[in-house]
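One structure is given here, and the rest of the page talks about it.
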Amino acid sequence: QARAFAGADPAQAVEIRNAMCKLLKGSPMRAPCRREVGGQVVRAFRPFAKGTDPLRAPNTFIIARHAPCTETAGFLLDNADASIQPDVLLRVAASAQLPQALRDGQFVGPQAESNAKQIAAAMRLEKDWVVASPLAEALVEALRSKGLTAASADLIATTLSDSINDLAKR
């Protein structure tokens, strides 16, 4: 699908994205399978996030959201981070998909804590509220993760509070 996506016109690219999302959303996968599929999605579609293609990059992030796992969350987090992704429009597109990916990803305590730390680091660098707002929402999703210990929940809640306070001071 990635090869077809590369050469597709805008309408075809959206059709491919919709077909991929429908397939991924409709497949009840256990965590190991979801992780394998998510890794394949990231490897196949990562090149589209490196450029500034206003069609393919945002559609790549939507596809990644529909294969929620550690790999796709990391891919979205990387592309929402100003220290990694210099293009603000691509950060907007990636950060917009992140809350839902974390919500659907069924992350457990340590994964949620790791996601929260990376999100907070991205928020510290972010100057555009359009990117920062979904990052804050993603921190809320990390806080909603199942299996959080009280210490992890406190750490994520503190991270969320500190990140919002830091953002408000700018």
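Residues take their numbers from the sequence shown, with the count starting at 1. Keep in mind the model is a prediction, meaning the values are calculated, not measured.
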Side-chain donor or acceptor of T72 paired with backbone N/O of G38 under 3.5 Å: no
Within-4.5 Å side-chain heavy-atom neighbours: T70 and Q111: yes
Donor-acceptor contact present, side-chain S161 to main-chain A157, <3.5 Å: no
Atom pair CD1/CG of I84 and D78 - distance to nearest 0.5 Å: 4.0 Å
Approximate separation, where rounding is to 0.5 Å, of L143 CG and L102 CG: 12.0 Å
Hydrophobic cluster membership, V130 vs V88, 4.5 Å side-chain cutoff: yes
Salt bridge (Lys or Arg N to Asp or Glu O under 4.0 Å): pairs with one or both residues in residues 129-138, sequence neighbours excluded: R103-E137
Atom pair CG (D128) and CZ (R91), whose distance is rounded to the nearest 0.5 Å: 6.0 Å
Any donor-acceptor pair under 3.5 Å from R17 side chain to A13 backbone: no
Nearest-0.5 Å distance that lies between atom NZ in K117 and atom CD1 in I156: 9.5 Å
4.5 Å side-chain heavy-atom contact, K146 and Q106: no
Point-to-point distance, once rounded to the nearest 0.5 Å, from CD1 of I164 to OG1 of T159: 11.0 Å
Criterion side chain to side chain donor-acceptor pair (under 3.5 Å) against N79, the qualifying member of R46, Q85, K50: Q85
Point-to-point distance, once rounded to the nearest 0.5 Å, from CG of N18 to NE2 of H66: 9.0 Å
Centroid-centroid distance, F61 to F45, less than 6.0 Å: no
Q97 (side chain) donor-acceptor with A94 (main chain) under 3.5 angstrom: no
Close side-chain approach of F5 to T60, heavy-atom, < 4.5 Å: yes
Student check: side-chain heavy atoms of P134 and L98 closer than 4.5 Å: no
